[in-house]
Amino acid sequence: MTIVILFTFVVELINLNNLEVLIVQENRLNGSLQFKDMTNFSSLEILDMSGNAFTGILSPYIGALPSLKAISLSQNKLNGPLQLHTKDLGMLKKLEELDLSDNNFERILPPRLGKLTSLRFLDISKNQFSGNIPSFVIASLTSLEYIDLSYNHFEGLFSFNLLANHSKLKVVQFKGENYRVEDDNKFLKVLLLPILQENIGKILNLQYLNISRNHFQGNLPSSIGDISNLEKLDLSNNYFSGEVPTKLFFNNSLRVLELNNNLFRGTLPDMVSPAGRYLGILDISNNGFPGLISKWLGNMQILWSLDMSNNFFEGQIPCEMHAYILIDLSHNWLSRLSPSCADLSIIPHLFLQGNRLTGLVPKVTFSVSFHVVTLDIRNNLFSGRIPYEVGELSNLRILLLSGNNFSGTVPKQLYWLKNLEIMDLSKNYLSGTIPHCFRDITFGKLNATDDFDEQNAAADFGIVFVMKYRSYFYKGGILDIMSGLDLSFNKLTGEIPLKLGQLSPILALNLSYNQLTGFVPTTFSNLTQLESLDLSHNNLCGEIPSILIGLHFLEVFNVACNNLSRKVPDMKGQFGTFQNSSYKGNAFLCGPPLEKSCTRVDSSPPLPRKSLTTSKGKWCEVDPLVFSTSFWVSYVIFFLLVLIEYHIYRCYYFAFNMLRRQLNYTCH
Ligand SMILES: *[C@@H]1O[C@H](CO)[C@@H](O)[C@H](O)[C@H]1NC(C)=O
Ligand SMILES: *[C@@H]1O[C@H](CO)[C@@H](O)[C@H](O)[C@H]1NC(C)=O
Ligand SMILES: *[C@@H]1O[C@H](CO)[C@@H](O)[C@H](O)[C@H]1NC(C)=O
Ligand SMILES: *[C@@H]1O[C@H](CO)[C@@H](O)[C@H](O)[C@H]1NC(C)=O
Ligand SMILES: *[C@@H]1O[C@H](CO)[C@@H](O)[C@H](O)[C@H]1NC(C)=O
Ligand SMILES: *[C@@H]1O[C@H](CO)[C@@H](O)[C@H](O)[C@H]1NC(C)=O
Ligand SMILES: *[C@@H]1O[C@H](CO)[C@@H](O)[C@H](O)[C@H]1NC(C)=O
Ligand SMILES: *[C@@H]1O[C@H](CO)[C@@H](O)[C@H](O)[C@H]1NC(C)=O
Ligand SMILES: *[C@@H]1O[C@H](CO)[C@@H](O)[C@H](O)[C@H]1NC(C)=O
Ligand SMILES: *[C@@H]1O[C@H](CO)[C@@H](O)[C@H](O)[C@H]1NC(C)=O
Ligand SMILES: *[C@@H]1O[C@H](CO)[C@@H](O)[C@H](O)[C@H]1NC(C)=O
């Protein structure tokens, strides 16, 4: 209805026969489009009604506009099949641009679309067109420069041979849905057969081909390397297999090459390739590429981001590797990193997780650089001390060293890392105490002034960090606000430094599975952003400070398997949500949610030691790694000899201790 009113308005104002351009973008016009009444728009060349709320079918009378060159009806709610009247088709012959994207059109594409032989631009993405794409349509539209069929429900076979005569074609987009849901038809189910050998060479002007997230399968035809103007090629998330044709790296201007998430096998071409001249982004992750990492990667002078993760690459990491933003070699079989390899230290985001790298961490690689922002060497076999020089990576924001064989103390120089957001040193053999100076790490209190912010935004990567008992994947902006410290599964001793309470922006703190003693610091009440606090499986004693009730965001709280005593904090605020599992394995804790009431607890509970150990054992045998028999034997002996007195002292001279530690505190 509204549109009719609008047109009446127009009719009264202007001489329609001379109207050449009509743009009514982004209003809230609704109702159906009645092109029947528009026969008088005889000069109309450009009609843009995108971004409104038109509904109903598209009237076939659209063809009655004789001068029309460009129509955009994108971002409306038009539906039904796309109809084109035979009698009007002649008039649409001049049509060069047709944009019907982001509507609800359905059924098959009308073969008559193929009659619009002047079409240069065709975008029917984000609709619900289904069935086969009529080959006639594609084969006839030889003037096409841009075609986007993404996000529909097409299926069946699509042959690139059909594009053989499309010498002007520059951009092809057949992207699928974001998720690879096998039974969901909401993406183009197309099979690419290696039948285009001779013909693809004619598509010489093609610059951009994106057919990611489809069901394409089979080998890549080597002729794909002949598309000499190709700048961006995205074949990711398909079922392509076999080898990548050598030619692909030789004979074109590729700047972006994404082959990730396919079934490619066979060695990558191992030679110095001119392709390196232009390549900015290379992603071959999640395939089955074997063998050594070719030297030619070193020749890519302007490489920006290189992702080779989740393949079967082995042997040495070549020192020549370089990328301005990111290199990801995670989850391969790489075993060596040359100790003198300094070049890697200028890569801002370096991921070497899940390989078989052994020996000492090469100091020269991982120190003295202001470039490094993310360093992930988790789950390798690195051993020895964590070199204190890591503290000199002054722009480091994410340091992930967990799951290695690191031993010795936690270098206190890590507190030099003023920009650190996430530090994961868990699952190593680190001993000694937690450095007091960690409070100087800002953990997310960033000064957003440095040069790397822009690069960070551009780098497309995420990391996994465990909090709230789960592995979370953080990416982009979310990663920026994440901050956490994980020292779990080590052999750390001594007390938890009160100063840790000054890490106020921290969201996750995990000190579980160590041998920490002393109290749960009351200063933790200053960790106001804390969502996840795990202090379980230590030897902490004393009361749980009830002031922690003030932590409004705390979702997970775990102090199980310690030697805490007295009343647990009232079930107020977030503490009302914690179950008795948060407290289990502390024989002297009482009060709800625990079944044990607190009536007689004020005087120290006179439980025989034997029952204490058994009860603790019952709860705490969860992890044989830490609570192994030998550990228990030595623990009990140690306990008998030393700890009793020590603990009595610690637990009863609480105030004095705090004072003493504050006075003695020094970082330098
Ligand atoms: C068109 O929009 C108006 C105002 O938003 C609304 O009242 C009316 O119901 C809409 N008509 C249709 C057919 O959606
Ligand atoms: C088209 O123009 C003719 C005269 O120029 C007029 O009589 C007719 O009503 C117009 N049609 C519409 C639908 O405006
Ligand atoms: C390309 O054009 C040639 C010559 O006009 C024709 O023989 C051939 O069938 C066309 N190819 C396709 C796929 O339409
Ligand atoms: C290809 O399309 C997908 C969306 O389906 C997009 O995420 C990706 O960045 C595109 N690739 C390139 C190289 O532009
Ligand atoms: C590069 O492409 C041109 C034209 O497409 C072709 O003649 C030539 O053989 C190709 N060279 C290689 C090394 O593939
Ligand atoms: C890592 O530590 C474990 C346990 O101490 C030991 O068995 C293993 O040999 C070590 N591996 C390396 C590569 O140092
Ligand atoms: C942030 O900037 C202020 C002043 O610009 C400076 O004093 C402070 O040390 C900086 N903090 C960090 C962590 O770099
Ligand atoms: C703390 O770390 C341990 C070991 O790494 C892990 O099992 C546990 O789930 C973590 N706790 C939380 C609350 O995420
Ligand atoms: C929390 O921090 C403030 C300011 O740094 C300090 O005055 C206060 O004593 C701290 N609270 C605890 C319980 O440590
Ligand atoms: C546990 O704490 C109590 C005081 O609450 C103390 O008497 C006892 O020795 C401690 N036990 C262990 C194993 O540390
Ligand atoms: C924990 O609570 C559940 C019920 O919520 C109860 O069955 C169980 O016995 C309790 N365990 C302890 C150790 O209090």
Side-chain angles (χ1 to χ4, degrees), residues 101 125-126 146 148-152 170-180 186-188 206-214 216 230-238 253-261 278-284 304-305 307 378-379 400-404 422-428 430 458-460 464-472 475-476 482 484-492 506-514 516 530-538 553-561 574 578-579 581-582 620 622-627:
S101 62
S125 64
K126 297 190 187 157
Y146 181 106
D148 191 346
L149 307 179
S150 308
Y151 310 118
N152 278 289
K170 293 206 170 95
V171 175
V172 176
Q173 305 211 68
F174 290 5
K175 302 178 294 194
E177 277 292 332
N178 281 325
Y179 309 100
R180 197 161 166 166
K186 286 179 186 158
F187 46 79
L188 198 69
L206 195 63
Q207 293 170 357
Y208 179 65
L209 177 62
N210 191 342
I211 55 171
S212 66
R213 295 178 202 280
N214 283 289
F216 286 102
L230 205 55
E231 289 177 5
K232 293 187 179 182
L233 176 62
D234 191 340
L235 308 177
S236 64
N237 295 281
N238 280 291
S253 333
L254 279 179
R255 282 192 283 116
V256 178
L257 177 58
E258 309 215 16
L259 304 177
N260 48 303
N261 293 286
Y278 306 112
L279 210 54
I281 296 178
L282 176 61
D283 188 347
I284 56 171
W304 169 279
S305 165
D307 190 347
R378 281 183 291 192
N379 302 316
L400 308 172
L401 307 181
S402 80
N404 278 285
I422 298 179
M423 173 150 69
D424 183 0
L425 309 183
S426 65
K427 304 190 181 86
N428 280 294
L430 299 170
D460 185 28
V464 170
F465 185 75
V466 175
M467 69 185 276
K468 304 180 205 168
Y469 307 124
R470 283 180 46 198
S471 296
Y472 287 89
K475 206 178 161 172
M482 177 58 204
L485 172 62
D486 191 346
L487 299 176
S488 64
F489 265 115
N490 277 291
K491 296 177 176 305
L492 297 171
I506 211 166
L507 302 186
L509 178 61
N510 195 340
L511 306 178
S512 66
Y513 293 97
N514 277 293
L516 299 168
L530 208 58
E531 293 176 17
S532 176
L533 175 61
D534 193 344
L535 305 175
S536 64
H537 298 270
N538 279 293
F553 300 115
L554 201 59
E555 285 173 45
V556 167
F557 176 70
N558 192 353
V559 289
C561 300
Q574 285 302 97
F578 305 140
Q579 314 279 314
S581 55
S582 291
C620 307
V622 199
D623 211 293
L625 203 107
V626 168
F627 291 92

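Numbering of ligands and ligand atoms starts at 1, following listing order. The basis for the numbers below is simple: all heavy atoms, side chains too, and nothing from hydrogens, waters or symmetry mates. Predicted model, so just to flag it, every value in this text is computed and none were measured.
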- Should His537 and Phe489 be marked as a side-chain contact (heavy atoms from CB on, under 4.5 Å) after you check the CA-CA gap, both sets of side-chain angles, and the distance that decides it? CA-CA 9 Å; His537 298 270; Phe489 265 115; over 6 Å; no
- Scan the protein's non-hydrogen atoms and note whether one is under 4.0 Å from atom 5 (O) of ligand 8. yes
- Looking only at protein heavy atoms, which one is nearest to atom 12 (C) of ligand 8, and how far off is it? Tyr469 N, 3.4 Å
- So is Val556 close enough to ligand 8, meaning a heavy atom under 4.0 angstrom away? yes
- Message: Any nitrogen or oxygen of Arg213, side chain or backbone, less than 3.5 Å from one on ligand 4?
- Response: no
- Closest non-hydrogen contact found for Phe578 with Glu555 is CE2-O, 3.4 Å
- Task: Take Asn260 and Asn237, measure what side-chain contact (heavy atoms from CB on, under 4.5 Å) needs, and give me the verdict at the end.
- Result: CA-CA 6 Å; Asn260 48 303; Asn237 295 281; 4.3 Å; yes
- Item | N/O donor-acceptor pair under 3.5 Å between Ser212 side chain and Asp234 backbone | no
- Which atoms from ligand 8 have a heavy atom of Val466 less than 4.0 Å away? 14 (O)
- Message: Rounded at 0.5 Å granularity, tell me how far CG in Asn510 sits from CG in Leu485.
- Response: 8.5 Å
- Which of the atoms of ligand 8 are close to Phe489, meaning less than 4.0 Å from one of its heavy atoms? 4 (C), 5 (O)
- Item | Per-atom contacts of ligand 8 with Ser512, taking only distances under 4.0 Å to non-hydrogen atoms | 1 (C), 2 (O), 3 (C)
- Note on the structure: If you compare Gln173, Glu231, Lys175 by their heavy atoms, the one closest to atom 3 (C) of ligand 4 turns out to be Lys175
- Query: For atom 11 (N) of ligand 8, which protein heavy atom lies nearest, and how many Å away is it?
  - Reply: Asp534 OD2, 2.7 Å
- Query: Any N or O on Lys427 sitting closer than 3.5 Å to an N or O of ligand 8?
  - Reply: yes
- Query: Of all the atoms in ligand 8, which lie at a distance below 4.0 Å from a heavy atom belonging to Ser488?
  - Reply: 2 (O), 3 (C), 4 (C), 5 (O)
- Message: Under 4.0 Å from a heavy atom of Asn210: which atoms of ligand 4 are those, numbered in the order shown and with their elements?
- Response: 1 (C), 2 (O), 3 (C), 8 (C), 10 (C), 11 (N), 12 (C), 14 (O)
- Which ligand 8 atoms are under 4.0 Å away from a heavy-atom of Asn510? 1 (C), 2 (O), 3 (C), 8 (C), 10 (C), 11 (N), 12 (C)
- Message: To check you understand the geometry: which heavy-atom pair defines the closest contact between Ile281 and Glu258, and what is its length?
- Response: CG2-OE2, 4.3 Å
- Query: Are the side chain of Ser150 and the backbone N or O of Lys175 linked by a donor-acceptor pair below 3.5 Å?
  - Reply: yes
- Task: State the atoms of ligand 4, each with its element, that fall below the 4.0 Å cut-off from a heavy-atom position in Ser212.
- Result: 1 (C), 2 (O), 3 (C), 5 (O)
- Backbone of Asn490 reached by a side-chain donor or acceptor of Asn428 within 3.5 Å: no
- Query: What atoms in ligand 4 come closer than 4.0 Å to a heavy atom of Asp234?
  - Reply: 1 (C), 8 (C), 10 (C), 11 (N), 12 (C), 13 (C)
- Between Tyr151 and ligand 4, which part of the residue brings a heavy atom under 4.0 Å of the ligand: side chain, backbone, both or neither? side chain
- Task: Using the side-chain contact (heavy atoms from CB on, under 4.5 Å) rule, take Leu492 and Leu516 through it: C-alpha gap first, then chi angles, then the decisive distance, then the call.
- Result: CA-CA 6 Å; Leu492 297 171; Leu516 299 168; 4.1 Å; yes
- Note on the structure: For Val256, the atoms of ligand 4 under 4.0 Å from one of its heavy atoms are 13 (C)
- Which heavy atom in Ala508 sits nearest to a heavy atom in Met482, and how many Å separate them? CB-CE, 4.2 Å
- Item | Verdict with reasoning, Lys427 to Tyr513, per side-chain contact (heavy atoms from CB on, under 4.5 Å) | CA-CA 9 Å; Lys427 304 190 181 86; Tyr513 293 97; over 6 Å; no
- Task: Would you name the heavy atoms of Leu235 and Leu259 that are closest together and state the gap between them?
- Result: CD1-CD2, 3.9 Å
- Going by distance only, is there an N or O of Glu258 that falls short of 3.5 Å from an N or O of ligand 4? no
- Relative to the heavy atoms of Ser532, which atoms of ligand 8 are at a distance of less than 4.0 Å? 13 (C)
